[in-house]
2 protein chains.
Amino acid sequence: MSSIIVNMTLSVVSVTVDLVLLTIREGKLQVLLIRRGIPPFEGAWALPGGFVLPGEDLGDAAARELSEETGVRPAHLEQLGTYGSPERDPRGRVITVAYLALLPDLPAPVAGTDAADASWRPVPFTGLAFDHDRILADGVERARSKLEYTPLATAFCPPSFTIAELRAVYETVWRTRLDPRNFHRKVTGAAGFVETTGESVIRDRGRPAQLFRRGSATLLHPALLRPGLGSAQGGRSATDC
Amino acid sequence: MSSIIVNMTLSVVSVTVDLVLLTIREGKLQVLLIRRGIPPFEGAWALPGGFVLPGEDLGDAAARELSEETGVRPAHLEQLGTYGSPERDPRGRVITVAYLALLPDLPAPVAGTDAADASWRPVPFTGLAFDHDRILADGVERARSKLEYTPLATAFCPPSFTIAELRAVYETVWRTRLDPRNFHRKVTGAAGFVETTGESVIRDRGRPAQLFRRGSATLLHPALLRPGLGSAQGGRSATDC
DNA sequence: CCAAAAGTGTTTGCCGTACACCCATGC
DNA sequence: GCATGGGTGTACGGCAAACACTTTTGG
């Protein structure tokens, strides 16, 4: 292990990236957690993450960790915020840049992990190591608010999906019921949200549903507003001073 | 100057905070810039900022820099994003956590600055040092979108202000014209946006205008939507991967 | 046929825009 | 009085919630 000498007047810190990986499994919003095998917080659950390598960009580090943990290429990986309280890590000065990704229910759950053990846990979940409770809460709130004005809900779905399945995503993340008829019209009416594949399937009983894939839009026109909140966004990621 | 020895397997970097300080002067949106007196980028304009001190929280570092540059306590200081490309600073690995603050037109412009020279410059402004062009653009876009769903526009105003002055803030930042009658009703109708002081003033000609101060709301119900954009938010701060 | 889920048509009410109108001042 | 800016009332239009209704499947 090589070492370097650094001038102390610069604020020398270690930098990690931590991931808030959300998915929907068994009808519940869940987050990928790792059980720590080494101190500090040995035995506690934590968000997956790791140190940024020398010469590595922050977003690249996040994508690398995501790939290591899940084996998937990210459909969407978004910087959530940076957490740098001096006391957040007992080992010393470590700041972490948190990233958020929304994933479909993975067929091979948590492939290729090198951590002690990893598993999906329903949110809310508390008692995490470091300040990860806060980071997780910020990530969930960000996801909730992003569903309103971006087509990101499709990131929770497999490549093709029905409108009812997309509605289930919204109902799960927002913890509300939505009118199936109006939802259908809003989604198919919002430019670039979804594209029809021409195929249809019978999921349970009833009339076959058309299958759709993600559209090309990055912003929703018009937005899907959460019921009961007026037009509030809410999702300020607690990085305010 | 003391030194410490750090294990090379940890990603050891220096951390700075940079500030996007916006105000409205002479009817234009302006940003506080510093002319660099030392390399790298000697002589170039840059955002104000500096290294995070050992043991100092990120938000505290941003507040300290703000105080050093302007002498004001921040009404609102918000984390904008973290920029960590390996090539962004020729001195080595330096990542920066950018903060955004909105300030009223300061009576004593840039008091107590220790930098070479500092001045307010209209945005857009390009040719900044490091990756500050990008950070500035992200900050401006964030400010634009935050005016829609938060009462932050009042941060650009002095302690008491008229509705017309608040409207001028929106018109300047959004670069649009707004209907004075409807704007008045929306602002006074949004719970907690502004409170009347009971006083009134004559600014130019015409009927005296009531004076207001900031209300206690942190979120606008209902939001003030920008004309011509549907219900888009737009303000994703380019921290997406 | 009945139940259940997909999808469409229609009504109703709210809210935002546009704009007519009144108020209060300086000149 | 007239111009100018502050502030209120009101009609119109568009969108979204609510829900009746049709379609298409499995039992």
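In what follows, every heavy atom counts, from backbone to side chain, and hydrogens, waters and symmetry copies are set aside. Labels below follow one simple rule: chain letters A, B, ... track the order of the sequence lines, proteins then strands, and each chain is numbered from 1.
- Using bins of under 30°, 30° to 60° and over 60° for the plane-to-plane angle, the ring pair B:H132/B:F130 lands in the tilted bin.
- For B:P180, the side-chain contact (heavy atoms from CB on, under 4.5 Å) partners two or more places apart in sequence, or in a different chain, are B:R167.
- Every residue meeting the side-chain contact (heavy atoms from CB on, under 4.5 Å) condition with A:A155, not counting sequence neighbours, appears here in chain and number order: A:L102, A:L152.
- Residue A:L147 holds its CG atom at 6.5 Å from CZ of A:F156, rounded to the nearest 0.5 Å.
- Two rings, from A:Y170 and A:F183, have their centers less than 6.0 Å apart.
- The side chain to side chain contact (heavy atoms under 4.5 Å, CB included) test with A:Y99 is passed by exactly one of A:V17, A:L80, A:L47, A:I135: A:V17.
- Listed in residue order, the members of residues 170-191 of chain A having a heavy atom less than 4.0 Å from DNA chain C are A:R181, A:H184, A:R185.
- For DNA chain C, the neighbouring residues in residues 206-216 of chain A, judged by any heavy atom under 4.0 Å, are A:G206, A:R207, A:P208, A:A209, A:Q210.
- Nearest heavy atoms, B:A129 versus B:A46: CB-CB, 4.0 Å.
- Between chain B and DNA chain D, the heavy-atom contact criterion of under 4.0 Å yields a 5' to 3' nucleotide range of D:dT4 to D:dT10.
- Listed by chain and number, the residues in a side-chain contact (heavy atoms from CB on, under 4.5 Å) with B:R214 are B:T154 (sequence neighbours excluded).
- Each of B:D18, B:T96, B:D131, B:D138 was compared with B:Y83 under the side-chain hydrogen bond (donor to acceptor under 3.5 Å, both in side chains) criterion, and only B:D138 meets it.
- What you find for A:W174 and A:L224 is that their closest heavy atoms are CH2-O, 3.4 Å.
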